[in-house]
Amino acid sequence: QVQLVESGGGSVQAGGSLKLSCAASGRTFSTYAVGWFRQAPGKEREFVAAISKSGQITYYAESVKGRFTISRDIDKNAVYLGMNSLKPEDTAVYSCAAERWGSASDNAGRYDYWGQGTQVTVSS
């Protein structure tokens, strides 16, 4: 069992930066891949970024590539999403999710555990 708690969301102006954190409980978290997904009001959930269990493989949605960076700290049982050059269209609830087989994926259906999410609001 893995429990995930996101933090770091907030309100920023366009061009600003935020760093989201996904803190996990459970000693086996290091064996899980982790993904970040977001959902804006009235829109479907979409993939943002994912990182493999080793941290050596990362994937990004085209819309965030070059602006967002996913990373993990095995010792702290945490995964981070650094977000730079934020745009109003990045406004959404951001959630992290854990995938037990350790393979980073953009498919939300592959993920076994989800956090509650943290709100990110970018104003123009």
Side-chain angles (χ1 to χ4, degrees):
Q1 187 80 9
V2 174
Q3 292 184 323
L4 305 172
V5 179
E6 302 93 339
S7 62
S11 297
V12 296
Q13 290 189 328
S17 300
L18 284 173
K19 186 175 184 178
L20 306 184
S21 298
C22 175
S25 65
R27 287 175 288 181
T28 61
F29 184 64
S30 60
T31 65
Y32 287 71
V34 176
W36 283 96
F37 294 80
R38 67 187 182 187
Q39 187 165 19
K43 295 187 177 180
E44 293 187 352
R45 181 171 55 195
E46 65 173 349
F47 169 74
V48 177
I51 189 166
S52 64
K53 62 181 180 180
S54 68
Q56 293 182 342
I57 298 173
T58 57
Y59 292 117
Y60 296 92
E62 285 298 323
S63 60
V64 306
K65 199 172 291 185
R67 300 188 297 122
F68 290 12
T69 302
I70 189 170
S71 60
R72 71 187 303 164
D73 187 327
I74 300 298
D75 292 337
K76 294 184 177 179
N77 256 15
V79 170
Y80 307 99
L81 183 68
M83 306 185 295
N84 296 318
S85 302
L86 283 162
K87 304 174 181 179
E89 51 263 44
D90 294 318
T91 295
V93 174
Y94 285 70
S95 300
C96 63
E99 190 266 2
R100 70 181 67 189
W101 302 112
S103 299
S105 172
D106 61 358
N107 183 351
R110 290 179 57 91
Y111 288 83
D112 303 287
Y113 302 102
W114 291 80
Q116 292 297 311
T118 184
Q119 175 70 46
V120 171
T121 303
V122 184
S123 58
S124 57

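Quick note: numbers below take in every heavy atom, side chains included, and nothing from hydrogens, waters or symmetry partners.
The minimum heavy-atom distance between V64 and V48, with the atom names listed, is CG2-O, 3.5 Å. Summarising the geometry of R110 relative to S105, their closest heavy-atom pair is CD-OG, 3.1 Å, with the distance given to 0.1 Å. Residues A24 and V2 come closest through the heavy atom pair CB-CG1, 4.3 Å.
Judged as a salt bridge (charged side-chain N to carboxylate O under 4.0 Å, His left out), the pairs with a partner in residues 111-121 (not counting sequence neighbours) are, in order, R100-D112. Counting only residues at least two apart or on different chains, no salt bridge (charged side-chain N to carboxylate O under 4.0 Å, His left out) pair has a member in residues 12-22. Applying the salt bridge (charged side-chain N to carboxylate O under 4.0 Å, His left out) test to pairs two or more places apart or on separate chains, those with a residue in residues 40-54 are R38-E46.
Checked by atom type and distance alone, the side chain of R67 pairs as donor or acceptor with a backbone atom of S63 at under 3.5 Å.
In this structure, a donor-acceptor pair under 3.5 Å is present between the side chains of S52 and S54.
In the hydrophobic cluster analysis, where Ile, Leu, Val, Met, Phe, Trp and Tyr join through side-chain heavy atoms closer than 4.5 angstrom, L20 is grouped together with Y60. A single hydrophobic cluster is not seen to contain both Y113 and V93; linkage of ILVMFWY side chains at heavy-atom distances under 4.5 Å, directly or through other members, places them apart. In the hydrophobic clustering of this structure, L4 does not group with F47; members are Ile, Leu, Val, Met, Phe, Trp, Tyr whose side-chain heavy atoms approach within less than 4.5 Å, directly or through other members. The hydrophobic clustering, which links ILVMFWY residues whose side-chain heavy atoms are closer than 4.5 Å, places W114 and Y32 apart.
At least one side-chain heavy atom of E6 sits less than 4.5 Å from a side-chain heavy atom of S95. T31 is not listed as a side-chain neighbour of W101, based on a closest heavy-atom distance of 4.5 Å or more.
Scored by the ring pair (Phe, Tyr, Trp, His ring centres under 6.0 Å) test, Y111 finds F37 as partners (sequence neighbours excluded).
Rounding to the nearest 0.5 angstrom, the gap separating the CD1 atom in I51 from the SG atom in C96 is 12.5 Å. Here CZ of R72 is found 12.0 Å from OG1 of T58. Values are rounded to the nearest 0.5 Å.
In the displayed structure, Y59 atom OH is contacted under 6.0 Å by at most 12 heavy atoms of other residues, nucleotides or ligands. Around CD of Q3, the count of heavy atoms belonging to other residues, nucleotides or ligands within 6.0 Å does not exceed 12.
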Taking only distance into account, with no hydrogens and no angle test, what donor-acceptor pairs under 3.5 Å do side-chain atoms of residues 7-14 form with protein atoms, sequence neighbours excluded?
none

May I have the list of side-chain donor-acceptor pairs in residues 80-89 shorter than 3.5 Å, sequence neighbours left out?
from: N84; atom 1: OD1; to: S17; atom 2: OG; distance (Å): 2.8

